[in-house]
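Below, read A as the first sequence line, B as the second, and so on, with proteins coming before strands; counting in each chain starts at 1.
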Amino acid sequence: MLAFLIQRVLQAIFVMVVVALIAFSLFHYVGDPVLNMVGQEATEADRAALRARLGLDQPLPIQFFQFIANAAQFEFGISYRSARPVTDMIVERLPATLELAIISAIFAVVMGIVLGIYTALNRGSWLSNFIMTASLIGVSLPTFLIGVLLIYLFAVELGWLPAFGRGQTVPVGDWWTTGLLTTSGLRSLILPAITLGLFQLTLIMRLVRAEMLEVLRADYIKFARARGLSKRVVNLRHALKNTLIPVITIIGLQLGTIIAFAIITETVFQWPGVGALFITAVRFVDIPVMAAYLMMIALVFVVINLIVDLLYYAVDPRLRVQGGAK
Amino acid sequence: MSDSQRVVTPLPKPSKLRAFLDSDIVYSWKRQPVVILATLVTLVMFAAALLAPWIAPQNPFDPRQLDLIDAFTPPLTTSDFTGNFYLLGSDSQGRDVFSAILYGSRISLLVGFAAVLFALVLGTSLGLLAGFRGGWRDALIMRIADVQLTFPSILMALLIFGVVRGFLPRSMHAEVAIIVLIVAIGLSDWVQYARAVRGATLVEKGKEYVQAARVIGLPARNILFQHILPNVMRPVLVIGTIGLALAIIAEATLSFLGVGMPATQPSLGTLIRVGQDYMFSGEWWILLFPGLALLMLALSVNLLGDWLRDVLNPKLR
């Protein structure tokens, strides 16, 4: 257990250091940060003073260490484009991204499991076939195209739902603003959440269906039927429970994917989240914002993977016997 | 004449073409109408992209051929002003949407193929190296692969694109966009090839023909490229076909986000991004037709890839 844990944690740290190195070198090889900050009329002495104040006259390893120390305190400097602290910009946009990600994850998980069970139990019915075919198209369709088509249908043609933005938001606590408490906020959330969740939905549905079909063939299900248990109990209590173990791990892994794909959805719907901020930063080569996002997304992924690995370990006893060797 | 005296003439060896037509692949192809349809759509779209300069009614990027007065002509309409016919309508510049799609799919396919080739060569080489040499090289390459697999490839492509762009001077961005895009998508997708090739190499390495080649003293390079490589290519080709659909989608996504191909050299993704602006004012065709073209392309290449995977290597499923 301990060896496994240490190995995973070391790997996580290794990833973070590599990402930090990339982010750090972005800062230091893309032009002179001092030139970016002072005006043209600054003298050489001013520049040297600023360089010393920023610690840029130190040797590179010390600067890198300083960068990591700052990053650990969520300190990424000032955006080149809007001249505001990057941390503030990210923090004020975080609620929008998290609300979108969580709602679409719930949508994907609930609908995915329900549709997966339905298509497994009613194999060959026309509705199942329709759902399966539709899911194949859903997998092939790029996320942004789904979003654009949904906007066209529901916002432009039918006029039912807003096409962009987050609607009205209300503050909750010190820094969190939520769109979940207003009608316009909820209405604005529907299309982006469907767009973001659709891919995960098809994935979860196909997985649940495949696992369910496998489990339904098992002997203990036959035995449960032979005992005269009702269909409902057999299907939902005996079969579903055993289906869910692999499904839960996939859902865990997909959480990171949802956050990644939020970049696309946020851009399509002009959703004021962190992903849209990152895209703008890439377009305008706003390096502090890029570096901060890079570190943030890497941290999210590393933490999720670590948790999933540990969950695996807890759920699957075979890993324990082999001493953590995968 | 009794049976025993009859001279047995061996069947003539079937010609290469005949052998191909009788193979499992063709048999399975003929039995699946969806796959036949996907092949046809793919071939037509490839041909249309390749022949764009000859079949497109106009060159959409030659300003002399555009008539601003024809802007926003609806589909299937002949312009009242110039008498030009617009099959799929025209955009804000009077550019024929049909021609723009032909030229756009050319760029989409170019980036897709190049990115897949890049990923394929890189992944196969690293996979061969890891599988054949083992040791620390294997450990290092596979560790990197593990790490990269934890990030979705579209995010990886986006991050690589952003980082590479950050290192390049601003004035070069538009010119080298296509190369940066190819490298970013290629780098985001090599892991699959490396893993498959490494696994296959490990299996092949222990087989007798490789031992025999070693015994007769062939240099490692020859064994690797002439003996092992041909035997590990099957999964690579399957992954490559599926990878093509993914690369086309990745390119379209990046271009749609405004961080891929610039508007002066639009791919299908760029066209969709531009079209989105006109969706609200009623010019739906500028958005919808490039979208449909991308959908058809991605869907049919995907179907072909899935089919090929099932035929060639059911284990990869």
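Between A:F144 and B:L257, every side-chain heavy-atom pair lies at or beyond the 4.5 Å cut-off. The shortest distance between side-chain heavy atoms of A:V148 and B:R273 does not fall below 4.5 Å.
Interface residue A:L149: only side-chain heavy atoms are found under 4.5 Å from chain B. Contact annotation for B:L287: only side-chain heavy atoms (C-beta onward) come within less than 4.5 Å of a heavy atom of chain A. For a residue to count as touching a neighbouring chain, one of its non-hydrogen atoms must lie under 4.5 Å from one of that chain's; by this rule A:V18 does not touch chain B. Contact annotation for B:I272: only side-chain heavy atoms (C-beta onward) come within less than 4.5 Å of a heavy atom of chain A. If you measure heavy-atom distances from B:A252 to chain A, the contacts under 4.5 Å come from both the backbone and the side chain. The parts of A:Y152 that come within reach of chain B are both its backbone and its side chain, each placing non-hydrogen atoms under 4.5 angstrom from that chain. Residue B:L303 touches chain A through its side chain alone, counting heavy-atom pairs closer than 4.5 Å. With a 4.5 Å cut-off on non-hydrogen atoms, B:L299 touches chain A through its backbone and its side chain both.
Ranked by heavy-atom pairs under 4.5 Å with chain A, the first of B:L155, B:L254, B:L288 is B:L155. With chain A as partner, the option from B:A298, B:G258, B:G275 having the largest number of non-hydrogen pairs under 4.5 angstrom is B:G258. Taking B:V259, B:L295, B:I249, B:T253 one by one and counting their heavy-atom pairs under 4.5 Å with chain A, the maximum is reached by B:T253. Of all the listed residues (A:V302, A:T267, A:V268), the one sharing the greatest number of non-hydrogen pairs under 4.5 Å with chain B is A:V268.
Atom CD1 in A:I264 sits 7.5 Å away from atom CG in B:L158 (nearest 0.5 Å).
The heavy-atom pair separating A:L145 from B:G291 by the smallest distance is CD2-O, 3.5 Å.
By a heavy-atom distance cut of under 4.5 Å, A:F278, A:I279 are the residues of residues 271-279 of chain A near chain B, going up by number.
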